[in-house]
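Single-structure report; data block below.
The structure displayed is predicted, hence computed values, not measured ones. Each chain gets a letter, A, B and so on, in the order the sequences are listed, and its residues count up from 1. Below, all heavy atoms of this structure are taken into account, side chains as well, without hydrogens, waters or symmetry copies.
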Protein chains: 2
Amino acid sequence: MASQRGEGDLTTPLEPADRERARAIPEAAVARLAVYLRVLSGMADQGVTTVSSEELSTAAGVNSAKLRKDLSYIGSYGTRGVGYDVEVLVSHIERILGLTRKHSVAVVGIGNLGHALANYGGFPGRGFPVTALFDVDDDLVGVPVGGIPVNHIEDIQRVCAEREVSIGVIATPPPAAQGVCDRLVSAGVQCILNFAPVVLQVPDNVEVRKVDLAVEMQILSFHVARRADEAANDLVNGIGVDGMVIRP
Amino acid sequence: MASQRGEGDLTTPLEPADRERARAIPEAAVARLAVYLRVLSGMADQGVTTVSSEELSTAAGVNSAKLRKDLSYIGSYGTRGVGYDVEVLVSHIERILGLTRKHSVAVVGIGNLGHALANYGGFPGRGFPVTALFDVDDDLVGVPVGGIPVNHIEDIQRVCAEREVSIGVIATPPPAAQGVCDRLVSAGVQCILNFAPVVLQVPDNVEVRKVDLAVEMQILSFHVARRADEAANDLVNGIGVDGMVIRP
DNA sequence: TACCGCTTGTGAACGCATGCACAAAGTCGG
DNA sequence: CCGACTTTGTGCATGCGTTCACAAGCGGTA
């Protein structure tokens with residue numbers, strides 16, 4: 001048990017054992033870890049010190065076995081017969097997710113969405129300070145939004161370097177997205193969160209996550225349609241909408 | 001070829017063959033179909049009439065085999081040796097995704113994000129008109145946002161019924177989310193898009209999709225950390241940051 | 001008409017993620 | 001100190017999704 005680590009030390013960030021684990025964590029599990037972390041933080045705020053996999057999993061909306069497996073990816077920090085120490089788990093997940101380091105965020109495209117993002121003011125969950133804003137519109141340049149003055153998009157490279165931006169958020173109209181993305185990449189940004197409904201082309205060393213409202217809506221639409229369809233289907237098969245069989 | 005269907009006819013929406021297929025489409029494939037649809041629409045606008053799986057797949061950022069399999073879920077609409085007719089594919093995907101019907105959207109929580117969403121004015125991709133806005137703040141009630149006056153949250157049930165809302169969007173602060181969700185559900189809304197960082201509890205017949213910025217950021221953070229870690233690891237193993245071996 | 005080249009559609013193999021079920025391991029009460 | 005109870009951690013089986021590879025099918029050409 002020779003662990004316990006300082007904050008954001010980039011040269012020796014994790015013990016070798018943890019390091020190999022970090023490689024092996026499935027993407028899906030990483031997303032859930034973030035959810036567990038939020039639930040755990042809430043519990044810690046309420047003074048809860050210990051939690052079982054059963055409690056935590058229901059609060060996070062997953063299967064308890066899945067939860068335990070997810071936690072096992074990052075090591076064994078529970079006590080059999082008791083559960084998990086909330087504080088320990090929180091700090092351990094934070095370390096695995098790299099949250100001991102601050103991640104400076106730049107938002108590009110200060111339209112409606114960009115405004116909303118900038119005004120979140122330090123992203124939800126903290127640890128993600130927005131330190132730079134960009135837009136093409138000269139009228140916006142210099143105007144402070146959420147306390148930060150907007151820079152012109154031409155200055156991306158310089159400003160991102162100065163402020164050590166590690167995450168770029170693209171909130172531009174679709175046609176501008178790829179160009180902005182290219183600039184962010186050439187400015188050394190390796191992680192991009194893309195709100196524009198465009199498939200971005202990036203080099204292998206850059207990580208892109210996309211948030212696509214249109215796609216989300218259309219997935220919901222699909223389910224509406226499927227349901228309406230099943231209902232119609234059941235009707236012609238003699239089953240009423242309430243599940244009662246009409247013609248037995 | 002006894003197909004071709006009218007618009008949003010809820011009683012006989014799909015041919016039996018299509019109906020069974022719709023059940024079987026994997027969730028992941030549905031999400032990609034929405035992406036294909038967008039790419040195809042763009043192509044159609046540029047006058048492209050035919051596209052091969054290879055072209056379409058690279059434009060959509062996926063493997064060509066995956067694309068063909070995805071399309072096979074919705075039927076065989078390609079021509080061997082030639083490719084797919086863009087128009088045919090567009091209208092077929094639209095039908096499968098249920099986009100021949102308009103889906104009325106309600107946004108709850110008119111803060112920064114709610115404003116941004118309301119102002120999108122008919123959601124990206126069209127076919128998702130925002131027809132109702134809600135907030136608890138009395139000062140907001142009656143104020144038009146994006147052309148639609150805000151209603152008080154107490155009136156959700158009545159207004160949603162009147163305007164036949166089929167999709168509810170939750171953009172409230174976290175503590176309010178579950179309450180709002182419950183009201184939407186009791187108002188008969190069966191599809192919810194949740195922007196609040198909360199795990200919603202809903203009955204089985206309700207479909208929830210969540211957009212969680214904090215989680216997205218944390219996933220990116222994880223990759224930043226993993227990368228920094230690999231770099232450190234490679235350094236101690238004698239591999240420089242540019243991939244060159246220092247001590248062979 | 002018969003051949004050739006191109007592209008689709010899909011059977012089959014593979015790999016990843018999920019869920020089950022249980023042994024291991026710890027606590028607590030007597 | 002021991003035994004009963006609780007909860008973790010994980011080996012294993014199952015199912016889903018992705019990828020490969022190729023036969024089937026179509027248009028163009030001679």
When you get a sec, tell me which of C:dA17, C:dG26, D:dT18 is the closest nucleotide to the side chain of B:Tyr73?
D:dT18
Check if the side chain of A:Arg80 and the base of D:dT8 share a donor-acceptor pair of N or O atoms closer than 3.5 Å.
yes
Under 4.0 Å between a side-chain N or O of B:Tyr84 and OP1 or OP2 of C:dG9?
yes
Measure from CD on B:Glu27 to C1' on D:dG15 and round the result to the nearest Å.
16 Å
Rounded to whole angstrom units, what separation is found between the CD1 atom of B:Ile25 and the C1' atom of D:dT18?
17 Å
Could you tell me the separation between the CG atom of A:Leu71 and the P atom of C:dG19, rounded to a whole number of Å?
15 Å
Less than 4.5 Å apart, side chain to side chain, heavy atoms only: is that true for A:Val51 and A:Met43?
yes
Does D:dC22 have OP1 or OP2 sitting under 4.0 Å from an N or O in the side chain of B:Arg68?
no
Compute whether any side-chain donor of one residue and acceptor of the other, for A:Arg95 and A:Thr100, lie under 3.5 angstrom apart.
no
Side-chain heavy atoms of B:Gln201 within contact of B:Gln178, under 4.5 Å:
yes
Would the base of C:dG19 count as contacting A:Lys69 through its side chain, where contact means a donor and an acceptor less than 3.5 Å apart?
yes
Whichever of A:Ala29 and B:Gly83 has the more 5' nearest nucleotide on DNA chain C, that residue is B:Gly83
Do the side chains of A:Glu216 and B:Lys210 get close enough for a salt bridge, i.e. N-O under 4.0 angstrom?
no
Both A:Lys66 and B:Val51 contact DNA chain C. Which one's nearest nucleotide lies toward the 5' end?
B:Val51
Below 4.0 angstrom from OP1 or OP2 of D:dG17, is there any side-chain N or O of B:Asn63?
no
Once you round it to whole Å, what is the distance between P of D:dT19 and CG of B:Leu67?
12 Å
For A:Asp70 and C:dT18, give me the distance from atom CG to atom P, rounded to whole Å.
7 Å
Residue pair B:Lys102 / B:Ser166, side-chain heavy-atom distance below 4.5 Å
no
Answer yes or no: does a side-chain N or O of A:Ser53 lie under 4.0 Å from OP1 or OP2 of D:dT8?
yes
Roughly how many Å is it from CD in B:Glu55 to P in C:dC6, rounded to a whole number?
14 Å
In whole angstrom, what separates B:Asp85's CG from C:dT7's C1'?
15 Å
Whole angstrom value for the distance that separates C1' of D:dT19 from CD of B:Glu54
14 Å
